[in-house]
Amino acid sequence: MTAADPDIDTFTRPYWEAAGQGRLLLRRCAGCARAHHYPREFCPHCWSEDVTWEPASGRATLYTWSVVHRNDLPPFGERVPYVAAVVDLAEGPRMMTEVVGVAEADLRIGMDLEVTFRPEGETQVPVFRPSSER
């Protein structure tokens, strides 16, 4: 196990199983109708516990990023440089992630992205690449 392996428990298992099938899930609150990410057992907006899983579109825009040139934790050191990013999901929440498949010089705030999945241990981790719908 490395620092990149997700911590999967009973609560987050549906999220990681969906990721393994190439699907991104979010949590949505029945009380205030807002989506949120990262997955929680309660709504961070109104504190309701009436939240459920729902499929996300996989569309996002780039909010901010930083290019990581040094990371001593395995397996990240083998991946440098990489783009650590925050994206705005089409459904509203912001998500910390990695942007792949684009040169650093081509990154732009607001650029259209789409989810893709990278193998990580025994599961798939959602990362984002430039949208193919340009």
Handout entry: Glu122 atom CD, neighbour heavy-atom count above 12 within 6.0 Å
Key = no

Do you know which two heavy atoms are closest between [X] and [Y], and how far apart they sit?
X: Tyr15; Y: Leu24; result: OH-CD1, 3.6 Å
X: Cys32; Y: Cys43; result: SG-SG, 3.6 Å
X: Leu62; Y: Arg108; result: CD2-O, 3.5 Å
X: Arg28; Y: Ala35; result: NH1-N, 3.4 Å
X: Gly20; Y: Thr123; result: N-OG1, 4.5 Å
X: Ile109; Y: Tyr63; result: CG1-O, 3.7 Å

Evaluate the side-chain proximity of [Y] to [X]: yes if any heavy-atom separation is below 4.5 Å, no if none is.
X: Glu54; Y: Thr52; answer: no
X: Val99; Y: Leu107; answer: yes
X: Cys29; Y: Phe42; answer: no
X: Gln21; Y: Gln124; answer: no
X: Asp112; Y: Pro130; answer: no
X: Met95; Y: Pro126; answer: yes
X: Val127; Y: Val115; answer: no
X: Pro81; Y: Glu104; answer: no

Practice task
Evaluate the criterion side chain to side chain contact (heavy atoms under 4.5 Å, CB included) for residue pair Arg118 and Arg79; output intermediate values, then yes/no.
Solution key: CA-CA 13 Å; Arg118 178 182 61 224; Arg79 296 183 186 158; 3.2 Å; yes

Handout entry: Note: Glu114-Arg59 ion pair, threshold 4.0 Å (strictly below)
Key =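 No salt bridge links Glu114 with Arg59.
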
Problem - Note: Asp72-Arg70 ion pair, threshold 4.0 Å (strictly below) - result: yes

With hydrophobic residues grouped by side-chain heavy-atom distances under 4.5 Å, do [X] and [Y] end up in a single group?
X: Leu25; Y: Val51; value: no
X: Trp16; Y: Phe128; value: yes
X: Trp53; Y: Phe117; value: yes
X: Val125; Y: Ile8; value: yes
X: Val100; Y: Tyr82; value: no

Exercise for the section: Can you measure from CH2 (Trp65) to CE (Met111) and round to the nearest 0.5 angstrom? Expected result: 8.5 Å

Exercise for the section: Write out all pairs satisfying side-chain hydrogen bond (donor to acceptor under 3.5 Å, both in side chains) with one or both partners inside residues 33-44, taking only residues at least two apart or from two chains. Expected result: Arg34-His45

